[in-house]
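Heads up: the structure comes next, in structure tokens.
Proteins get letters first, then strands, A, B, ... in listed order; numbering begins at 1 in each.
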Number of protein chains: 2
Amino acid sequence: MKITNKKGKQFRVPDATIRRLPLYLDKLILLQQAGVREVSSRQLAMSLDIKASQLRHDFHYFGGFSKPGRPYDVDQLVPALEEIIGVDNPVPFVVVGAGHLGQALCNYANFERQGFPLVGIFDNDPDLIGIKIRGIKIEPIENIATVIKKKNVRLAAITVPSLVAQETAVKLVDAGVRGIWNYTPVDLRLPKDIIVRNERLATGLMCLSFKTKRLEHPELISDD
Amino acid sequence: MKITNKKGKQFRVPDATIRRLPLYLDKLILLQQAGVREVSSRQLAMSLDIKASQLRHDFHYFGGFSKPGRPYDVDQLVPALEEIIGVDNPVPFVVVGAGHLGQALCNYANFERQGFPLVGIFDNDPDLIGIKIRGIKIEPIENIATVIKKKNVRLAAITVPSLVAQETAVKLVDAGVRGIWNYTPVDLRLPKDIIVRNERLATGLMCLSFKTKRLEHPELISDD
DNA sequence: TAGATTGTTAATCGATTAACAATC
DNA sequence: TAGATTGTTAATCGATTAACAATC
């Protein structure tokens with residue numbers, strides 16, 4: 001991803017770095033809550049099981065979080081990363097589909113703590129409509145557009161049945177959603193400028209299975 | 001990951017390749033169910049949004065799925081990949097923690113279809129114990145060891161509260177579990193030969209946020 | 001045969017790690 | 001000062017892509 005900073009200088013941030021930024025922020029918030037004021041690249045990297053030089057290399061794309069000789073100031077670093085990642089202001093999101101998975105997402109307290117307030121839950125099941133989860137009433141799907149426009153929602157999670165995944169996604173995009181967190185096994189067809197993140201549950205189990213299988217047959221492995 | 005094949009030849013399979021194997025299998029099973037008999041690297045790669053040469057390169061580590069000039073035979077490729085990934089025989093797994101997330105995982109029909117039968121659900125909440133999900137009764141956590149040993153379970157998903165995540169993981173490992181699918185935000189400390197896969201829900205939202213934020217400010221981007 | 005396809009190697013590209021001067 | 005630390009560049013490592021002979 002190529003981006004331009006405030007001074008107009010263009011630079012390219014590797015995808016691998018982008019994927020690590022949330023992990024850094026995650027750990028730093030924990031440290032902050034624990035009252036830690038300073039952290040070195042070595043400490044922070046170790047807790048994330050990566051090399052310190054990799055962390056400094058990542059930070060170097062954005063530059064100037066500290067000075068040579070001084071460790072990082074946690075209270076400075078947290079807001080700096082929040083701005084880079086785009087969670088310096090709260091980023092509201094909605095969940096479409098209030099089955100078990102949808103409700104699990106809604107109940108996940110960490111989202112709010114990390115700057116993602118839940119502002120809407122939608123489902124078409126009459127038994128669910130009206131029920132409150134974390135203070136949010138489940139609304140019928142036909143209300144999606146209204147809520148999204150009113151609350152200026154940019155992100156939505158989809159946990160609906162496969163059969164209605166595509167049409168749900170289209171409704172969301174039409175209403176203004178820019179990023180979709182797709183928990184269905186469907187390949188959504190959406191305009192190129194819409195970011196889709198697919199969470200494929202079963203592939204996680206398969207990766208685990210592959211790796212543990214190798215470990216059950218030591219004669220088949222030789223770790224280096 | 002370095003492995004040795006049946007002829008005793010050692011070779012190293014890149015992690016990136018391992019991560020793609022389940023995706024290949026996933027698509028191929030869909031094709032098989034749709035009655036498709038043959039597929040070229042080009043077709044299969046396109047549906048996964050990767051290059052055909054990458055797919056052939058990946059397959060080349062395991063070798064011999066087809067012959068030059070002939071596309072792949074779906075009915076041959078599926079079992080071959082299943083064996084490589086380690087799902088040629090059913091791989092039973094259990095879910096510990098029957099809250100919304102746990103129940104969502106239990107209800108996910110695709111696991112069974114992909115070779116991962118659910119054989120146990122555990123929770124300590126008296127209101128949940130005894131309830132059946134997909135024919136499986138929720139049992140108290142103290143029963144974990146018995147079930148795992150009896151059914152020879154190697155994989156377990158943890159969706160318990162953070163506070164008891166570590167002790168739950170230890171119980172599982174002591175009972176014989178080799179791979180843990182960790183849905184808690186806790187860094188589990190376990191023996192090195194135990195494979196842990198962490199699913200960090202909040203980082204998914206953060207990645208989405210980063211990318212959509214850039215797209216909202218076109219002046220900050222220049223995609224190449 | 002002509003067109004399509006695989007297996008396989010080489011070339012390119014990207015990501016990680018090491019090294020170290022500058023600094024506290 | 002001595003030890004620890006960052007920012008930054010160069011070196012290494014790994015992953016992707018291109019190219020093409022062999023084959024159907």
Please list each protein N or O that sits under 3.5 Å from an N or O in nucleotides 2-6 of chain C, with the distance.
residue	atom	partner	partner atom	Å
C:dT5	O2	B:Gly69	N	2.8
C:dT6	OP1	B:Ser41	N	2.5
C:dT6	OP2	B:Ser41	OG	2.5
C:dT6	O4'	B:Gly69	N	3.4

Enumerate donor-acceptor pairs with a distance under 3.5 Å from any side-chain N or O in residues 94-109 of chain B to protein atoms, sequence neighbours excluded.
residue	atom	partner	partner atom	Å
B:His100	NE2	A:Gln103	OE1	3.3
B:Gln103	OE1	A:His100	NE2	3.3
B:Gln103	NE2	B:Ala98	O	3.1
B:Asn107	ND2	B:Gln103	O	2.9

Distance-only criterion, 3.5 Å: show the donor-acceptor pairs between side-chain atoms of residues 43-53 of chain A and protein atoms not counting sequence neighbours.
residue	atom	partner	partner atom	Å
A:Gln43	OE1	A:Ser40	N	2.9
A:Gln43	OE1	A:Ser40	OG	3.4
A:Ser47	OG	A:Leu44	O	2.8

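Of the side-chain N and O atoms in A:His60, none sit less than 4.0 angstrom from OP1 or OP2 of D:dG7.
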Could you walk me through whether A:Asn182 and A:Glu199 pass side chain to side chain donor-acceptor pair (under 3.5 Å), step by step? CA-CA 6 Å; A:Asn182 178 27; A:Glu199 299 285 350; over 6 Å; no
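In this structure, of D:dT16, C:dT17, C:dA15, it is C:dT17 that holds the atom nearest to the side chain of A:Ser53.
Across all strands, A:Arg20 comes closer than 4.0 Å only to sugar-phosphate atoms, never to a base (heavy-atom distances).
As rounded to whole Å, 16 Å separates atom P of D:dT12 from atom NZ of A:Lys51. Distance A:His57 NE2 to C:dA15 C1': 8 Å, rounded to the nearest Å. Rounded to whole Å, the distance from CG on A:Asp58 to C1' on D:dT8 is 14 Å. Distance A:Ile50 CD1 to C:dT17 P: 9 Å, rounded to the nearest Å. Between the CZ atom of A:Arg19 and the P atom of C:dG14 there is a distance of 14 Å, rounded to whole Å. Separating the CG atom of B:Leu48 from the C1' atom of D:dT16 is a distance of 16 Å, rounded to the nearest angstrom. Rounded to whole Å, atom P of D:dA15 lies 15 Å from atom CG of A:Asp15. Protein atom CG of B:Leu44 is 12 Å distant from nucleotide atom P of C:dG7, rounded to whole Å.
Rounding to the nearest 0.5 Å gives a distance of 3.5 Å between CE of B:Met206 and CD of A:Gln114. Note that CD1 of A:Ile158 and NZ of A:Lys171 are 10.5 Å apart. Values are rounded to the nearest 0.5 Å. Taking CD of A:Glu82 as the reference point, atom CD1 of A:Ile84 lies at 10.5 Å (rounded to 0.5 Å).
Ion pairing between a basic and an acidic side chain is recognised when a charged N comes within 4.0 Å of a carboxylate O; A:Asp73 and A:Arg37 show no such pairing. Salt-bridge check for B:Asp58 with B:Arg19: failed, with every basic side-chain N at 4.0 Å or more from each acidic carboxylate O.
For DNA chain D, if you chain together Watson-Crick or G-U pairs that step i with j, i+1 with j-1 and so on, the runs of at least three with distances under 3.5 Å are C:3-24 with D:3-24.
Residues A:Arg154 and B:Thr212 have side chains that never bring a donor and an acceptor to within less than 3.5 angstrom of each other.
In this structure, the ring pair (Phe, Tyr, Trp, His ring centres under 6.0 Å) partners of B:Phe59, at least two apart in sequence or on a different chain, are B:Tyr24, B:Phe65, B:Tyr72.
Within a 6.0 Å radius of CZ in B:Arg42, no more than 12 heavy atoms belonging to other residues, nucleotides or ligands are found.
Against DNA chain C, the stretch residues 23-34 of chain A makes no heavy-atom approach under 4.0 Å.
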